[in-house]
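Below: one structure, written as structure tokens.
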Amino acid sequence: MSFSIIGKPLPKVDAVARVTGQAIYADDMLPPRTLHCRILRSPHPHARILSIDTSAARRIPGVVAVITGADLPIKFGILPVTQDERALEHEKVRYVGDPIAAVAATDEEIAASACDAIAVEYEVLDPVMSIDAALATPKDERIQDYGGPNNIHKLVALEFGDVEGGFARADHVREDVFFFQGNTHLPMEQHSAIATYVDGKVTLWSSTQVVHYVHRALAKVLELPMNRIRVVGAAHGGGFGGKTDPFAHEIVVAKLAMMTGRPVKCTLTREEVFYAHRGRHPVLMWVRTGVTKDGRITAMHFKSALDGGAYGSYGVASTFYTGALQTVTYDIPAYRFEGCRVFTNKPPCGPKRGHGTPQPRFAIELHLEKIAHDLGLDPVDMKRRNFVKPMTRTVNWMRVTSCGLEECTARVMDASGFRTRKRRPGRGMGFAISSYLSGAGTAIYWNDMPHSEVQIKVDRGGVTAFCGAMDIGQGSDSVLAAIVAEELGLQPKDIRLVTADTDTTPIDLGSYSSRVTFMAGNAALEAARKMRALLVEAAAAKMGRPADSVRVGGGRFGDFSFEEASVLAEARFGTLTSAGSYTPPKIAGPYKGSGVGPSPAYSYSACVVDLDADQRTGLLHINKVWIAHDVGRAINPLLVEGQVEGSVYMGLGEALMEEQTFRKGLHKWPSMLEYKSPTFLDMPEIETFLVETNDPEGPYGAKEAGQGPLLPVIPAVSAAVFDALGVWIDEVPVTPEKIVEALRRQGKGEPPRYGPSRFPDIPYPKCIRVEPPPKELDLAAPAAI
Amino acid sequence: MLRLPRFKYLRPKTAREAARMAADLGPRAMFVAGGTDLFPKLKRRQFEVEALIGLDFLPRAIHRGEDETVVDAGVTLAAASADAQLRAGYPGYAEAAGLVSSPPLRNAGTIGGNLCVDTRCNYYDMTYEWRKAAGFCIKKDGDICLVAPSSPRCWAVSSSDTAPMAIALGALVMLAGPDDERELPVAALYRDDGIDYLAKQPAEVVTSLRLPASAGTRTAYVKLRRRGSIDFPIAGAAVALRLDGSTVTSCRIVLSAVASHPLEAAEAGEFMIGKRLDEESVRAAAEIAARPAKPLDNADLSHFWRKRMVRVVVEQALQHANDQKGGFEG
Ligand SMILES: Cc1cc2nc3c(=O)[nH]c(=O)nc-3n(C[C@H](O)[C@H](O)[C@H](O)COP(=O)(O)OP(=O)(O)OC[C@H]3O[C@@H](n4cnc5c(N)ncnc54)[C@H](O)[C@@H]3O)c2cc1C
Ligand code: SF4
């Protein structure tokens with residue numbers, strides 16, 4: 001296949017607007033008479049609200065409206081099974097930062113002082129601040145009134161194949177415990193939303209990743225039909241998963257706009273962004289694996305305990321994700337997974353880049369390194385021996401189609417000179433792999449509709465593509481434009497895009513789970529090919545030649561320019577519109593919980609990290625990172641490299657420093673100065689390799705790029721520290737103080753390790769036993785299961 | 001977003017006029033130079049003032065004289081770190097200025113402001129809402145110390161990068177008051193108290209820093225922080241020493257970020273005198289220097305680790321000083 005746009009490193013379609021300040025973010029919008037909203041938040045991690053007195057706040061000049069939970073009592077939440085949030089709480093607060101009341105005023109400062117003037121009486125309850133505390137009997141009362149026992153939110157237990165038999169067959173069995181500390185997304189743009197209420201209709205512009213889910217939540221809480229609400233995605237300054245839930249401030253500004261009849265805006269402060277959170281879950285993990293003496297895995301048993309924070313958010317899905325993808329990288333013939341999520345009095349955790357999978361990836365990669373070490377095997381060789389093969393089905397029913405693990409590994413191993421690395425004190429290299437979904441195979445709420453739809457309209461010589469997907473900076477608009485342009489023989493700049501607007505665009509489930517290129521891309525491809533067929537048919541008719549002789553490209557359809565061809569087609573067919581949609585294949589396995597993990601295709605990555613570790617201080621200097629990513633096909637290699645490098649950046653931040661920690665019930669440092677994230681100067685050189693396996697179902701063979709490459713970076717750092725110093729840091733982030741402590745233990749002849757010592761007793765239910773599918777995959781009969 | 005409170009901005013034309021305004025307004029006003037420390041703190045309501053007295057009039061030159069170099073208080077950190085004279089004569093000082101925060105803040109922040117910069121504590125450098133939730137502390141609005149609840153005083157950390165170097169060099173500051181001017185050793189500018197950390201009169205303006213002639217003096221500053229930029233020091237060591245041959249004839253070591261004032265490790269400095277600068281003496285001096293350092297759990301990373309790192313930064317600073325030529329024609 002030869003392409004004119006696909007595969008070319010073209011700049012983003014919105015690059016100029018972004019870098020010249022012309023892109024309009026929600027906070028840039030200031031319609032006449034706009035009111036500014038601030039939200040009063042709980043100062044207590046856990047308390048009952050006895051009374052709220054807003055009278056003093058209402059008396060402040062400039063205050064136009066004050067609302068509390070009584071004005072918005074209906075609960076919402078991203079998952080149908082956990083509708084546990086209120087836009088404003090009037091009965092009970094569950095973390096420092098939980099929203100209680102909101103003020104709309106003529107000035108933001110006035111709104112802030114009005115919030116300070118609201119008097120709230122609390123009955124303070126004992127806060128639950130750790131996984132252990134959540135598993136124990138609560139001193140006062142449970143955080144949520146569902147789930148249990150104690151503060152357990154969700155328990156899962158699944159078993160695939162003959163696990164005990166697998167362990168019995170093993171020559172060596174090893175157990176390890178790991179901990180991955182929570183961290184947050186830290187997007188450049190703080191969340192912002194502005195609402196109007198005109199002619200009985202609410203319009204909300206928001207910095208969201210999913211207009212559709214915000215739309216649903218607004219309809220529910222405001223008790224309005226969906227057709228009286230319009231949600232538009234404003235220019236987006238970064239989400240990374242942190243803007244995938246519907247949020248309190250979005251509902252609050254809509255309500256205040258309805259009450260006041262004026263536009264109402266709320267932009268969160270940086271501190272409030274830390275409270276809105278939905279970031280990486282802290283996860284404690286226990287893993288036991290049996291291997292033959294040459295390192296082939298015979299069975300694995302994996303347990304996770306997630307510290308979920310105060311609300312459900314995506315937590316049920318996150319819990320399943322900590323167990324789902326282990327089998328998609330390594331061929332595990334028998335697998336048991338027990339997962340648990342608890343509630344604690346902290347901001348709710350949710351999806352962050354890699355959703356639920358970086359934590360087990362860290363554990364599994366290091367665990368296998370240790371097993372190789374036990375057996376005296378080379379860890380890379382041993383991992384390689386266990387790689388999954390393309391066109392197979394895993395023991396837990398995940399369908400693997402294209403898989404470039406071998407090639408990714410070869411690329412980074414060769415380029416980094418891993419095998420021939422020079423030894424010097426303190427220098428080390430580490431290797432790790434990963435895999436990630438190209439879009440979740442099942443929707444968040446049950447429905448049979450397509451996951452993405454695209455409409456194309458051609459008139460007056462122009463092409464407009466309508467799609468509900470939201471460009472959150474990852475470049476999805478550029479990908480859509482590239483696909484439509486390729487099919488219609490045009491340039492991306494010729495394609496007008498209307499995206500993420502519930503009034504004008506068809507449905508798309510949004511920018512999360514790495515789904516947009518794959519799903520909206522396939523929908524766009526279908527719509528564009530239909531449009532192309534109309535134009536070709538009209539051109540062919542005029543030329544008096546068969547359709548297959550009409551050459552499309554360079555702005556021409558056979559003998560005609562694109563404009564001429566579109567006039568011919570419009571004359572022949574009437575208004576020129578076409579539509580395409582994408583519904584993922586039904587590939588989930590036959591068990592409860594099988595909806596989390598299946599994807600129409602998986603991306604693969606491999607990574608090598610080279611670092612120097614200071615024996616005395618424990619400080620790390622990352623010298624270089626090599627990363628190879630199987631993206632199926634790079635629709636735009638420049639954008640893919642950007643995603644891969646951004647993933648490495650974020651991965652290094654998590655590996656080395658980012659942590660969301662709490663002290664005395666409060667977030668310890670909700671500021672960009674104290675919450676450490678790497679600067680330019682902390683970034684090493686990155687060498688990126690794109691591997692193209694041409695996936696059978698991806699648009700032009702493309703798979704995801706935005707999340708998978710983050711995953712291997714974190715374990716590779718820890719493996720490199722072991723290579724450098726001979727100590728295991730089994731806990732993320734890998735900070736200098738942990739390294740110094742591990743070295744001290746090494747010096748005293750204790751196990752050279754820093755990490756959790758035990759995994760708690762958790763009342764997991766009895767495992768649901770699932771028969772594994774046949775291993776070989778027959779794509780000719782895909783939808784059969 | 002966090003917004004600045006409303007305040008009046010006053011524009012005096014001379015240091016004396018500024019000092020008079022400050023004397024008149026008392027605690028209702030503060031000086032502002034680059035504003036890089038002050039403005040974020042105003043947004044977080046760590047200071048509540050009615051007026052800011054602008055110090056834009058402060059000259060911004062560096063004068064090299066026979067027996068001293070005078071740096072005007074208005075010189076920016078970026079200018080100080082790039083200045084050829086300072087880099088040649090007082091490399092440790094230029095280095096320290098260049099290690100403060102980040103490039104945009106060094107372009108605005110001044111060396112006067114850096115000498116007067118507020119002490120820090122991660123229970124205090126937080127928004128009003130956070131502090132209200134945590135419970136206010138004695139440094140602002142409250143009556144206990146959250147780091148050391150049994151202590152009657154505040155332990156906020158002196159976090160200036162250039163003050164320790166200025167002290168090690170034996171530098172003086174020029175102060176302009178409402179009625180007169182005076183000079184003071186930089187060391188005497190500070191008090192060991194997280195709240196009243198400055199010993200000057202509140203109405204006095206720092207107008208310049210006077211660095212004594214440096215021929216033969218070797219200087220070095222080593223700063224420890226988590227990232228390559230932006231971060232305040234979590235431990236730092238400034239060293240100024242002279243050698244006769246390879247024997248140390250004078251040595252001052254001053255630590256940053258381990259106490260509420262720049263902490264001079266006088267015993268360690270004296271220990272070095274008469275010694276050869278070698279691995280053994282450096283290690284021993286660093287050991288002594290680290291003893292009085294008392295980091296608490298109110299800055300980045302654990303205070304146990306920070307305490308251990310004091311030795312490392314002192315050793316490194318002594319070594320860097322040794323690797324260097326003395327100032328100017330030294
Ligand atoms: C993100 C961030 C990182 C930072 N990192 C560092 C760091 O690593 N190291 C470091 O040392 N500092 C750091 N700072 C603090 C600050 O930027 C510097 O200390 C800077 O030098 C302050 O100078 P300024 O002119 O901006 O002072 P201002 O903010 O204007 O004033 C600071 C204080 O000094 C007083 N003042 C200023 N000038 C005078 C004068 N001439 N006479 C009397 N009083 C005066 C003011 O009233 C105020 O109390 C950081 C700040 C931020 C926001
Ligand atoms: S050391 Fe104590 S009193 Fe001083 S700022 Fe910190 S908490 Fe407040």
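To find a chain, count down the sequence lines: A is the first, B the second, and so on, and within it residues start at 1. For the numbers below, each heavy atom of this structure counts, side chains included, while hydrogens, waters and symmetry mates do not.
Heavy atoms of R38(A) lying under 4.5 Å from chain B belong exclusively to its side chain. Heavy atoms of F274(A) lying under 4.5 Å from chain B are absent altogether. Of the atoms belonging to P45(A), not a single heavy atom falls under 4.5 Å from chain B. In this structure, chain B has a heavy atom under 4.5 Å from the backbone of M672(A), while its side chain stays farther away. Contact of L656(A) with chain B is made through the backbone alone, with heavy-atom distances under 4.5 Å.
Of the residues considered (L2(B), V312(B), D125(B)), V312(B) shows the highest number of contacts with chain A, using heavy-atom pairs under 4.5 Å. When V96(A), D116(A), T267(A) are compared by the number of non-hydrogen pairs under 4.5 Å with chain B, D116(A) comes out ahead. Between chain B and the options M657(A), E741(A), H44(A), the largest number of non-hydrogen pairs under 4.5 Å is found for M657(A). The choice from E108(A), E272(A), Q190(A), E109(A) that makes the most heavy-atom pairs within less than 4.5 Å of chain B is E108(A). The candidate from L40(A), L666(A), L268(A), L619(A) with the greatest count of non-hydrogen atom pairs under 4.5 Å with chain B is L666(A).
Residues of residues 99-107 of chain A lying under 4.5 angstrom from chain B, judged on non-hydrogen atoms, are D107(A) in numerical order. The interface of residues 224-235 of chain B with chain A, defined by heavy-atom distances below 4.5 Å, comprises L224(B), R226(B), R227(B), G228(B), S229(B), I230(B), D231(B), F232(B).
For R663(A) against W130(B), the heavy-atom pair with the smallest separation is NH2-CH2, 4.4 Å. Contact record, S302(B) with E737(A): N-OE1, 2.6 Å, taken as the closest heavy-atom pair.
Note: K43(B) NZ to T269(A) OG1 = 11.5 Å, rounded to the nearest 0.5 Å. Considering OG1 of T127(B) and CZ of R270(A), their distance stands at 13.5 Å, rounded to 0.5 Å. Separation of atoms CD (E129(B)) and SG (C115(A)) is listed at 8.0 Å; rounding is to 0.5 Å. To the nearest 0.5 Å, atom NZ of residue K676(A) and atom CG of residue D300(B) are 4.5 Å apart. Note that the CZ atom of R308(B) and the CZ atom of R616(A) stand 9.0 Å from one another [nearest 0.5 Å]. Atoms NE2 and CZ, from H36(A) and R3(B) in turn, are 7.0 Å apart once rounded to the nearest 0.5 Å.
Atom CD1 of I144(B) sits in a crowded spot, with more than 12 heavy atoms from other residues, nucleotides or ligands closer than 6.0 Å. The local environment of CZ in F680(A) is sparse, with at most 12 non-hydrogen atoms from other residues, nucleotides or ligands closer than 6.0 Å. The 12-atom threshold is exceeded at CZ of R45(B), counting heavy atoms of other residues, nucleotides or ligands nearer than 6.0 Å.
Using modelled atom types, one side-chain atom of K664(A) and one backbone atom of L146(B) make a donor-acceptor pair closer than 3.5 Å. A donor-acceptor contact shorter than 3.5 Å links the side chain of W305(B) to the backbone of T617(A).
Annotation: ring pair (Phe, Tyr, Trp, His ring centres under 6.0 Å) contacts of F662(A) (sequence neighbours excluded): H667(A). Residues meeting the ring pair (Phe, Tyr, Trp, His ring centres under 6.0 Å) test with F136(B), sequence neighbours left out: Y128(B).
Inter-residue side-chain proximity for M126(B) and E271(A) is flagged as unmet; no heavy-atom pair is nearer than 4.5 Å.
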